[in-house]
Peer 1: 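Sharing a structure here in structure tokens format.
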Number of protein chains: 2
Amino acid sequence: MGRALPQNSCMGRITIRDVAKAAGVSTSAVSRVFTDGASASAATRARVNAAAKALGYRPNALARALVGERTNLVALVIGQARNVFDSLFLEALADALAKHGQNLLISLVHGESAVDEGMMSALDYQADAVVVAAGTVPLATSERCLRLGVPIILCGRVLEREGVDCILGDNRDGARQAAELLVRGGCRRIAYLGRGPTAYSDSEREDGLREALAHLGLAPVATATVDPDNDHGFAAATTLLSAPQRPDAIFCGTDLIALGVLETARALGLRVPEDVAVVGFDNVPMSAWPSFRLTTVDFPIATTAETVVERIQARLAEPNLPAIVRRIPTRLVARATTRRIP
Amino acid sequence: MGRALPQNSCMGRITIRDVAKAAGVSTSAVSRVFTDGASASAATRARVNAAAKALGYRPNALARALVGERTNLVALVIGQARNVFDSLFLEALADALAKHGQNLLISLVHGESAVDEGMMSALDYQADAVVVAAGTVPLATSERCLRLGVPIILCGRVLEREGVDCILGDNRDGARQAAELLVRGGCRRIAYLGRGPTAYSDSEREDGLREALAHLGLAPVATATVDPDNDHGFAAATTLLSAPQRPDAIFCGTDLIALGVLETARALGLRVPEDVAVVGFDNVPMSAWPSFRLTTVDFPIATTAETVVERIQARLAEPNLPAIVRRIPTRLVARATTRRIP
DNA sequence: CGACGTTTTGAAAACGATTGCAAAGCTACC
DNA sequence: GGTAGCTTTGCAATCGTTTTCAAAACGTCG
């Protein structure tokens, strides 16, 4: 029972009972002083606070969660945190949650199949909500969440399913902006380079490019994929840029890939944007560095995280809301890797 | 009570009692089937498992934690996750913890003063251990942890205090390796550029450089600091590299800063390493990129995280271990920003 | 068949809080 | 002073588990 320490010698864990005894009131009184909105006279409030302070009492969040209906724990199921983008999102989410007094429980999962496991673990800890930013959500798991009244927020992917809110960037529109900039800058042979079809956002970005170009009477001259883990596009970019009919622009699914393309172009002695223009997606901090000055589509990570948190609160207040798909607007940031538009 | 759903209609939350009833056994029996090392006959085990599966039962981790002596929750108090280094550590830690069935609770704190708050929140949730990777640990808080039997692991900083284990890279030795490489490469006018004195590791690295140079009869020709948040060394590097008596090498407290120096050198038309050699610290993935090929001191993040987790297990098994300071060895990785040694 | 050690079992007491309910206190008004 | 109405209070039930303890079941052996 309890920790290894003898519980009377050093007062290992101070409980509500200790405070009650010290203040000469019942445990209910102490509880009421610590839960706001509960009634307690000024006198007892003062005595309880004094006793609690003297003893160093803090309510046990676990016990509180067991009986109450909130744990103030929100789980984030995420594929990797090493990725700049993901870690920025993690940070933004933690910040936004903190404003509501909620804490972040991390489930780092490797591979799509593990999403399920991560979500289950979140449910074991009675998380108030589950944010999934890796792969998709298995049907059985989302149904379990629904039954348990635990909101699911899926980020970066659309899944039309009861109880699953989807929040993601407006990838198609971002790609459209990029395409129009490139075409207006004189590019006609535009290629796409992204992660494979496993990356939902990337495929939307590719579709967006295709649609926008079609609107202008064009089509991508090439499409290539990059191993999402191992490289950031060196190999694929080399192939693309060494082809006999070299593209005059490459639109990339991700800034990291675009930076790889920049490096490859540099290595091949090609000038950017004169020989080949490059556009990325996400606007990670590195893209702005003087060495790169990458034109890219800004993905507002902070707004996304705040929207996620707002949606969580809304659903906790009103559990039966219909599922939504919310698109966060994206905005082109023109820097030095595309030609200047007059 | 419970979630918003009527608890009989859809069986919102399946408890141990439901399983017991379905299997025709007591709750104790169910509990024993789900805790390993407990005795249950093959027959009941089978019936309980069948019932649990049919009902979709999973034990409530919170209730379990309330009575048991482990929560399997480990808290990480961290300053920022946007930093590549920190996010790599976060990921490595989550992975290492997962191997022991432990989950990661994140407290993202802004500023040193908030470390206390983050740790307190961790204690509220009865975390089994607290890993601090931001600033230092207030005395009162470490004493509270000690009293509660919660191990503290402090990363990246030394704090000689009862119950606080410190795990950090061998910054001095890394700096020594860098200094020797530079000097053997012919550099004599070596400058240091790092974050201010608030960054403990950086100051150790600076000291290490100073000591190693002193050993060789040299001293740093300049020392400058960089705003740890806003830039990665452009301004400071520009000053340093435009000085009348330009240094022939810059040793940086961080890879990010070193990359900033590389960019600055490039912008000023200086050749690296011929005009100025550059060495970083940490060996973040970006340093290996073809555009940079930064010589740097490798900080083994995965090893650090594993050591942290090992130490947590050791302390949980044997709470009264004396505090340790463990140095993780660092290793120089020579790439293209220093002169080749014959 | 009875005695005896060894599992296996269930009842009940924790764990540390919250909260419904009814009693108690208080204020104010007639 | 009595009573209505409101606030404050404490008792006890509850949340979903684990675990102690003693009883029951079981197998073995004399």
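Chain letters run A, B, ... following the sequence lines, proteins first, then strands; residues in each count from 1.
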Peer 1: Calculate the interatomic distance between A:Arg17 atom CZ and D:dG10 atom C1'; express it in whole Å.
Peer 2: 14 Å
Peer 1: Calculate the interatomic distance between B:Arg64 atom CZ and C:dG16 atom P; express it in whole Å.
Peer 2: 18 Å
Peer 1: Could you go over nucleotides 8-12 of chain C and give all protein N or O partners under 3.5 Å, atom names and distances?
Peer 2:
{"unit_1": "C:dT9", "atom_1": "OP1", "unit_2": "B:Ser41", "atom_2": "OG", "d": "3.0"}
{"unit_1": "C:dT9", "atom_1": "OP1", "unit_2": "B:Thr44", "atom_2": "OG1", "d": "3.3"}
{"unit_1": "C:dT9", "atom_1": "OP2", "unit_2": "B:Ser41", "atom_2": "N", "d": "3.2"}
{"unit_1": "C:dT9", "atom_1": "OP2", "unit_2": "B:Thr44", "atom_2": "OG1", "d": "3.3"}
{"unit_1": "C:dG10", "atom_1": "OP2", "unit_2": "B:Ser26", "atom_2": "N", "d": "3.1"}
{"unit_1": "C:dG10", "atom_1": "OP2", "unit_2": "B:Ser26", "atom_2": "OG", "d": "3.2"}
{"unit_1": "C:dG10", "atom_1": "N7", "unit_2": "B:Arg32", "atom_2": "NH2", "d": "2.7"}
{"unit_1": "C:dG10", "atom_1": "O6", "unit_2": "B:Arg32", "atom_2": "NH1", "d": "3.4"}
{"unit_1": "C:dG10", "atom_1": "O6", "unit_2": "B:Arg32", "atom_2": "NH2", "d": "3.3"}
{"unit_1": "C:dA11", "atom_1": "N6", "unit_2": "B:Ser28", "atom_2": "OG", "d": "3.1"}

Peer 1: Expressed as a whole number of angstroms, how long is the span from A:Asp18:CG to C:dC15:C1'?
Peer 2: 13 Å
Peer 1: B:Leu66: which residues meet the side chain to side chain contact (heavy atoms under 4.5 Å, CB included) condition with it, sequence neighbours left out?
Peer 2: A:Asn60, A:Ala63, A:Leu66
Peer 1: Out of D:dT18, C:dA17, C:dG16, which has the shortest distance to the side chain of A:Arg13?
Peer 2: C:dG16
Peer 1: Is there a donor in the side chain of A:Thr307 and an acceptor in the side chain of A:Thr304, or the other way round, less than 3.5 Å apart?
Peer 2: no
Peer 1: Would you say A:Tyr125 reaches D:dT17's phosphate, i.e. side-chain N/O to OP1/OP2 under 4.0 Å?
Peer 2: no
Peer 1: Can you sort out the partners of A:Asn103 under side chain to side chain contact (heavy atoms under 4.5 Å, CB included), two or more places apart, ordered by chain and number?
Peer 2: A:Leu73, B:Leu105, B:Ser121, B:Tyr125
Peer 1: Identify, with sequence neighbours excluded, every residue that meets salt bridge (charged side-chain N to carboxylate O under 4.0 Å, His left out) alongside B:Asp86.
Peer 2: none
Peer 1: Taking the minimum atom-to-atom distance to the side chain of A:Thr15, which one of D:dT19, C:dT19, C:dG16 wins?
Peer 2: C:dG16
Peer 1: Go through the steps for B:Arg13 and A:Gln126 under the test side-chain hydrogen bond (donor to acceptor under 3.5 Å, both in side chains), then give the verdict.
Peer 2: CA-CA 10 Å; B:Arg13 198 181 291 307; A:Gln126 319 293 312; 3.1 Å; yes
Peer 1: Which residue, B:Val30 or A:Arg45, contacts DNA chain D at a nucleotide closer to its 5' end, judged by nearest heavy atom?
Peer 2: A:Arg45
Peer 1: Write down the distance between CG (B:Leu62) and C1' (D:dT17), rounded to a whole number of angstrom.
Peer 2: 11 Å
Peer 1: Using the C1' atoms of five pairs at each end, what's the angle between the two axes of the helix from C:dC1-D:dG30 to C:dC30-D:dG1, to 10 degrees?
Peer 2: 50°
Peer 1: Taking only residues at least two apart or on different chains, which pairs with a member in residues 45-59 of chain B satisfy side chain to side chain donor-acceptor pair (under 3.5 Å)?
Peer 2: A:Asp124-B:Arg58
Peer 1: Just the rounded figure in Å: distance from P of D:dT18 to CG of B:Leu66.
Peer 2: 11 Å
Peer 1: With sequence neighbours excluded, tell me which residues meet salt bridge (charged side-chain N to carboxylate O under 4.0 Å, His left out) with A:Arg161.
Peer 2: none
Peer 1: What is the distance from CD1 of A:Ile16 to P of C:dT19, rounded to the nearest Å?
Peer 2: 11 Å
Peer 1: What is the distance from CD of B:Glu69 to C1' of D:dT17, rounded to the nearest Å?
Peer 2: 15 Å
Peer 1: Sequence neighbours excluded, which residues qualify as side chain to side chain contact (heavy atoms under 4.5 Å, CB included) partners of A:Ala50?
Peer 2: none
Peer 1: Distance-only criterion, 3.5 Å: show the donor-acceptor pairs between side-chain atoms of residues 19-34 of chain A and protein atoms not counting sequence neighbours.
Peer 2:
{"unit_1": "A:Ser26", "atom_1": "OG", "unit_2": "A:Ser28", "atom_2": "N", "d": "3.4"}
{"unit_1": "A:Ser26", "atom_1": "OG", "unit_2": "A:Ala29", "atom_2": "N", "d": "3.3"}

Peer 1: Could you tell me the separation between the CZ atom of A:Arg58 and the P atom of C:dG16, rounded to a whole number of Å?
Peer 2: 17 Å
